[in-house]
Structures are given as C-alpha cells and as structure tokens.
Amino acid sequence: MKVLSIVGARPQFIKAAVVSRQMRRVGFDELLVHTGQHYDFGMSEVFFRELELPAPSHYLGIGSGRHGEQTARMLTGIEEVLLKEDPDIVVIYGDTNTTLAGALAPVKLHIPIAHVEAGLRSFNRRMPEEINRIVADHCSDLLFCPTETAVENLKKEGFHNLIGAADIDANRPSSIIHHQFQAPLVVNVGDVMLDLARQVKERLGGEGRGQTEILSRYGLQPHEYVLTTIHRASNTDEPENLRGILEAMRQIARRGLKVLFPVHPRTRKAMEKADLPALADTAGIILSEPVSYVAMIALESEARLLLTDSGGVQKEAYFFGVPCVVAREETEWTELVEIGWNRLVGAKTEAILEATEAILREDFTQKPRPDYYGAGHAAARIVNVLQWFVGR
Ligand code: UD1
Ligand code: UDP
C-alpha cells in the first residue's frame, strides 16, 4: 500500500510523526512530501531529527509568500509528485496552506484523501485556517476527527456516514464490521497530538532529569512561570492586538511570575515592524527562538499557566492539567472553555490580566479532565482505517 503524506508547517511535522511511525510499524510504503512552507531549522528540521520523522522523499522548497501565490506553487509541485508516484491514498494534516494545496491537487486527480484533524471550525471565515479546513474536509474521503465536537460540526455540513468507536478495534483492521461503509466517512479516532504528547512526556521521565535540564536552560522553576506563544494572523497583523498581548506579558512579569516567550518568526517580524517598546528590557521576560517539541512538552507541563493563540498549545495545556489563557476571540476547542480549563479572552491587556489573576486564585488540582481527545491511540486507529479503506 502506497501512502503519500503531505506536510509543510510545524504542527504538521508533529502530527505526522506519530502517524508515520505507526505506518512504518505495520509495513506501509509511505512517501513524505514537505512543501517547505516552514523552513528555518527551528521550525522544521529540528522536528524531523527529534521525532524521528523520515527525511522527505520530495522537498518542494516553496517558502513564504502571499496566500494565493504560496498555495498555487504548492499545488503545482504536489500535482507533479502525484502524477509521478500515483499513490493509493494521500494523507493531509490540519488546516494550513499546505493542507489546502494537499487537498486540491489529489481531489482533481481522483486520488482518495484522508484528512487528519477534520471537522474543526472557528466559524470565523476571516481566519485563513477556516477556509483551508472547510475545503480540505469537503475534498476528503476519510475525515479523521479528534473529538465529538468535530464530528457534530461535520454532521451539520451534511456528512452522514460515521464510523463509531464501536466499529473499529485499534489493532485489527478486520474488525471494521460494516463493510458497506461509503466515503466520505467520518471517524472519531481521538487526537494524534495526545498520543505524541503522552509518549514524549513519558520519555522525559516524569519529574526526571531531562525536564529539569530543559527548565534550567531558561532559569525556571516548576510551576513558577508562564509559557506563552503567539503567532495567529489576527494578533500579529493587528498592532493593537500585538501591543495588548505584549503589555499583558510585561505586567505578568512585573507581578513576579517569569514569562518565557519562544517567538514564532512571523511574530518576531511583526514586533520589529510595529516599533513596540522592547520586551527584552523587562525583568522576568525571557525571549527565545522557537523551541524543539521535547523542550516544549517539558516547558508546558511544568508551567503555572499558558498564554497562547496556538491551536495545538491550547490542548497540550489540558493534556498536562495546566490552565490556559487563550488570546483569541473564538476557538475550535470549545469544550475546554466550557469546562473552565481554558479562558477565551481576546487580545486586550486587561482581559488577559483578569483571566490570569482568576486562574492564579483557583485550585485546579481536583478539577475534572474528561477524555475529550481519546485515550492516546489515535494513530493506531487511523492506520487501521486506512488499511481497511485501501484494501476493501
Ligand atoms: C502557518 C499556518 C497556521 C499555523 C502555523 C503554525 C497558514 C495560512 N498558516 O502560519 O495555520 O498555525 O503555520 O506555526 O498556513 N517564517 C519564517 N521562517 C519559517 C516560516 C515562516 O521566517 O520557517 C515567517 C515568514 O516571514 C512568513 C511568516 O513567517 O511570511 C508566516 O509564515 P506562514 O507559513 O505563511 O504562516 P504562519 O504564520 O507560520
Ligand atoms: N511548538 C514547539 N515549539 C515552539 C512552539 C510550539 O514545538 O516553540 C509545538 C507545540 O507544542 C505544538 C505545536 O508546536 O505541538 C503547535 O504548533 P503551532 O502553535 O505552530 O500551530 P497551531 O497549532 O496553532 O496550528
């Protein structure tokens, strides 16, 4: 069975790593296309090395650009690879421009598509990812959802062929009992990010040495710092929003909590352009380059709280039982806001500070954490369904 996986941006290397490992385990012939959307060492190669993702069989070297221009170049490059390789199925991840091109090229060639992380919706069409994910879902044959919320979103858009958890056994493809299933098929497999986050946290050895060493690089003590990441277009491209978030960081640091901020390249450029007062001058604020995934897991899991606009980081906070302030107006991970682990506050300084203070006052130790994201076997389920689908 020949699978062609398409990745290009940081969160995709992370999601693909865990699925790719499972594909190799069961003997799939997997080719990996890297569009080159992210290309800095710390945004790309570090993840291949650390997560043992095989080197891409095709590197398209697309780089940055306007949405249309970037997506068009990817589309041309991916189409050429597909014509040459003629895979049984294409696997795409998430909602970036790489996902969009990775959906459009194969659907036109009648090659089946599996979308990992299907069904997410923010209901904000000004968000570039919202358009990408809607198109990707509607081009796909297998829609692998991370949660029931995602399944419900797809039902509202007319998807009605569902495989339930009772229909698949993570280890036995033959256990898919309803062989009359027709694509497009929606399957709640759980979240691949939970699989990987758990594996890496275990590798770090709980309270072990690896973790202590990573925290000490930044002079941090467990539970005594805020970890923050910001990169959404709605925050970086709006100087008022960026200013609001950075000012909140500054005030949190003044209040005595250290703030570690690994800066996404997009945000670094926006900070330089917006001529904001230098954050680095504030005591207690630690700016760094983007960090590796293993470092990120160590830093997230030991933080007092997280402040972010990242999709992935919002959930990783929950995986580790760390409360999170979400600097956005809406989120795809609504269940975490409803249950009170995450607070959705936008980009205004006051709102961020208010949420931070409320979290610091609350005792989270006994707060329930339901298994919204499965049990850490999403990759096995995905590979199981792929095997059944291609072999049927
Ligand atoms: C992209 C995704 C976003 C995802 C994020 C993950 C789209 C539309 N957006 O956003 O959904 O959450 O990746 O991090 O696909 N840059 C570098 N070096 C790099 C990569 C980017 O300097 O290795 C800079 C460039 O100036 C570039 C800018 O960052 O123009 C934005 O990069 P781009 O890939 O277009 O979007 P992201 O903001 O990274
Ligand atoms: N991440 C990382 N290093 C960093 C920042 C984030 O390894 O410096 C990881 C993070 O742990 C998560 C993923 O990148 O697994 C999230 O990607 P990102 O925030 O870039 O994109 P999004 O999830 O918002 O699409």
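Note that the coordinates shown come from a computational prediction; the quantities given were computed from them, not determined experimentally. Atoms within each ligand, like the ligands themselves, are counted from 1 in listed order.
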How far is [atom] from the closest protein heavy atom, and which atom is that?
atom: atom 27 (C) of ligand 1; result: S64 OG, 3.2 Å
atom: atom 31 (C) of ligand 1; result: R266 NH1, 3.7 Å
atom: atom 39 (O) of ligand 1; result: H38 NE2, 2.7 Å
atom: atom 5 (C) of ligand 1; result: H231 NE2, 3.6 Å
atom: atom 2 (C) of ligand 1; result: T96 CG2, 3.8 Å
atom: atom 17 (C) of ligand 1; result: Y39 OH, 3.2 Å
atom: atom 35 (O) of ligand 1; result: Q70 NE2, 4.0 Å
atom: atom 18 (N) of ligand 1; result: D40 OD2, 3.0 Å

Give me the atom names and distance for the closest heavy-atom approach of [X] to [Y].
X: I359; Y: F364; result: O-CE1, 3.6 Å
X: A118; Y: A150; result: O-CB, 3.4 Å
X: G42; Y: P290; result: O-CB, 4.1 Å
X: R328; Y: L344; result: O-CD1, 3.4 Å
X: R268; Y: V263; result: N-CG1, 3.5 Å
X: V91; Y: M23; result: CG2-CE, 4.1 Å

Any F47 side-chain heavy atom under 4.5 Å of P11 side chain: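 Answer no - side chains too far apart.
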Evaluate the side-chain proximity of F28 to V390: yes if any heavy-atom separation is below 4.5 Å, no if none is.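 No; the side chains remain at least 4.5 Å from each other.
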Is [X] salt-bridged to [Y], going by a charged N under 4.0 Å from an acidic O?
X: E157; Y: R121; value: yes
X: R243; Y: E240; value: yes
X: R73; Y: E69; value: yes

For the side chain of Q37 and the backbone of T98, is there at least one donor-acceptor N/O pair under 3.5 Å apart?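 Checked: pair present.
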Do N235 side-chain atoms and N241 backbone N/O form a donor-acceptor pair below 3.5 Å?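 No, because the side chain of N235 does not come within donor-acceptor range (under 3.5 Å) of the backbone of N241.
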Would you say the ring centers of H38 and F13 fall short of 6.0 Å from each other?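 No.
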Give the numbers and elements of all ligand 1 atoms closer than 4.0 Å to a heavy atom of [X].
X: E129; value: 3 (C), 9 (N), 11 (O)
X: N97; value: 7 (C), 8 (C), 15 (O)
X: M43; value: 23 (O)
X: K269; value: 17 (C), 22 (O), 24 (C), 25 (C), 26 (O)
X: R232; value: 3 (C), 4 (C), 11 (O), 12 (O)

Under 3.5 Å: N/O of [X] near N/O of ligand 1:
X: H67; value: no
X: Q37; value: yes
X: N132; value: no

Region of P11 engaging ligand 1 - heavy atom pairs below 4.0 Å: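 Side chain only.
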Sub-4.0 Å heavy-atom contact, R268 with ligand 1: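 The answer is no: ligand 1 sits nowhere under 4.0 Å from a heavy atom of R268.
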Run through ligand 2 for me and note each protein residue having a heavy atom under 4.0 Å from it, chain first, then residue number.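 Residues R10, P11, I14, F47, M193, H231, R232, P262, P290, V291, S292, Y293, M296, E300, S310, G311, G312, V313, E316 each place a heavy atom under 4.0 Å from ligand 2, listed by chain and number.
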For D191, the option from K315, R381, K15 that meets salt bridge (Lys or Arg N to Asp or Glu O under 4.0 Å):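 Of the listed options, the one satisfying the test is K315.
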